[in-house]
Amino acid sequence: HYSHKMASVKLTYFNLRGRGEPCRLLLAYAGIKYEDERITPRWVDPVPWAAIKAQTPYGQLPVLNWNGTVISQSMACARFIAKEIGVAGRTNMECAQVDEIIDVIQDLINKGATLFFAKDDEGLKNHFSVTIPAAFGQLEKRLENRGGQFMVGNTFSFADLHLHGYISELPDKSVLDGTPKIKSLTERVGNMPNIKAWVESRPVTDM
């Protein structure tokens, strides 16, 4: 079904879900076989990462090697895969609408990560009790206005998969009680056979 099933693909990231998981979920959805190279997180053992850091374009992971060409930056990698497998939007407008949803989620991820690493407990509490529910309320309206089934174009896209991936990492899913359409969407995505199989078989990691 996909012409690039024969592509030679290697994804290098730490042995975490983190910023590598959007690519892994996209590759799983498309059924693309790839080398899932996992580096020991540097707080567990700094040596493996130190050994390869200088070989990466920007001294960071993930990096995606697609038929010999190396791409860095997690969302650049993910958006490339989404385009290759046909879930990035079918028109320029749909692509922009997909990007919009992705960017809303990335803002939430980045904000949460900043607070987490700053050990800002009050800030995190506010993030989970105020910021995330407000953003989900806005996303629910978007979803309703676009037909209620999928985030963009009444068809499955990277926007739906990224939203699902983000929700699956939330420690408290009760935020979804106020957004029934998002709740239904994320359950449907989670039940897609390739996604379900990957989530059930992937290495178990803390984050």
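Treat the numbers as computed from the prediction; the structure is a model and nothing was measured. By convention here, the first residue in the shown sequence is residue 1. Reckoned from all heavy atoms, side chains included, excluding hydrogens, waters and symmetry mates.
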Using modelled atom types and a 3.5 Å cut-off, is there a donor and acceptor pairing between side-chain atoms of R202 and backbone atoms of E21?
no
Kindly write out the residues that satisfy side chain to side chain contact (heavy atoms under 4.5 Å, CB included) with S74, not counting sequence neighbours, or none if the list is empty.
R19, P62
What one should report as the nearest heavy-atom pair of F150 and T155 is CB-O, 3.3 Å
Would you say F14 and L27 are hydrophobically clustered, going by side-chain heavy atoms of ILVMFWY under 4.5 Å?
no
Are K141 and E144 ion-paired here, with the side-chain N under 4.0 Å from a carboxylate O?
no
Would F156 and V189 count as a side chain to side chain contact (heavy atoms under 4.5 Å, CB included) if you check the C-alpha gap in whole Å, the side-chain angles of each, and the deciding distance to 0.1 Å?
CA-CA 9 Å; F156 176 76; V189 174; 4.0 Å; yes
Does I182 reach the side chain of I167, with side-chain heavy atoms less than 4.5 Å apart?
yes
Nearest heavy-atom approach of A159 to V152 is CB-CG2, 4.4 Å
Would you give the length of the straight line joining atom CG of N126 to atom OG1 of T131, rounded to the nearest 0.5 angstrom?
5.0 Å
Distance col, row K111:NZ vs I109:CD1, nearest 0.5 angstrom, shows 14.5 Å
Pairwise side-chain contact, F80 with T69, heavy-atom cut-off 4.5 Å (strictly under):
no
How many angstroms lie between atom CD1 of I32 and atom CD of E84, to the nearest 0.5 angstrom?
7.5 Å
Quick one, K173 and T186 - any side-chain contact, counting heavy atoms below 4.5 Å?
no
Say you draw a straight line from CG of L124 to OG1 of T114; how long is it, rounded to the nearest 0.5 Å?
10.0 Å
Shortest non-hydrogen pair, L11 vs G20, comes out as CD2-O, 3.8 Å
Looking at side-chain heavy atoms only, is the closest gap between L115 and F128 below 4.5 Å?
no
Distance-minimising heavy-atom pair for A78 and L26
O-CD1, 3.3 Å
Membership question, hydrophobic clusters at under 4.5 Å side-chain separation (ILVMFWY): are I71 and I102 in the same one?
yes
Taking all non-hydrogen atoms of both residues into account, name the closest pair between R24 and L16 and its distance.
NH1-O, 2.7 Å
Looking at CD of Q149 and CG of N154, how far apart are the two atoms once the value is rounded to the nearest 0.5 Å?
7.5 Å
Of all heavy-atom pairs between Y29 and N194, which one has the smallest distance, and what is that distance?
O-ND2, 3.0 Å
If you group Ile, Leu, Val, Met, Phe, Trp and Tyr by side-chain heavy-atom gaps below 4.5 Å, do V104 and L25 land in one group?
yes
Would you check if E94 and S157 make a side-chain contact, meaning some heavy-atom pair closer than 4.5 Å?
no
For N191, look at atom CG and say whether over 12 heavy atoms of other residues, nucleotides or ligands are found less than 6.0 Å away.
yes
As an exercise, state the distance from NZ of K119 to CZ of F117, rounded to the nearest 0.5 Å.
8.5 Å
Is the closest side-chain heavy-atom distance between C23 and L64 below 4.5 Å?
no
Charged N-O contact under 4.0 Å between R188 and D160:
no
The test is side chain to side chain contact (heavy atoms under 4.5 Å, CB included); show your working for I81 and Y34 and say whether it passes.
CA-CA 12 Å; I81 297 167; Y34 67 102; over 6 Å; no
Hey, are the side chains of L139 and T179 touching, using non-hydrogen atoms and a 4.5 Å cut-off?
no
Could you tell me whether the side chain of T12 reaches within less than 4.5 Å of the side chain of I52, counting heavy atoms only?
yes
Any chance CZ of R142 has more than 12 other-residue heavy atoms, nucleotides or ligands included, within less than 6.0 Å?
no
For D177, does the CG atom sit with more than 12 other heavy atoms under 6.0 Å from it, leaving out its own atoms?
yes
Run the side chain to side chain contact (heavy atoms under 4.5 Å, CB included) test on E100 and M151 for me, step by step, so that the C-alpha distance in whole Å, both residues' side-chain angles and the decisive distance to 0.1 Å come before the verdict.
CA-CA 10 Å; E100 174 196 288; M151 290 307 308; over 6 Å; no
Please, which pairs that meet side-chain hydrogen bond (donor to acceptor under 3.5 Å, both in side chains) have at least one residue in residues 42-59, sequence neighbours excluded?
none
Check for me, please, whether I39 and M207 land in the same ILVMFWY cluster - side-chain distances under 4.5 Å, paths through other members count.
yes
Check against side chain to side chain contact (heavy atoms under 4.5 Å, CB included), V87 and V98:
CA-CA 9 Å; V87 294; V98 169; over 6 Å; no
Report yes or no: do V70 and V9 belong to one cluster of Ile/Leu/Val/Met/Phe/Trp/Tyr joined by side chain heavy-atom distances under 4.5 Å?
no
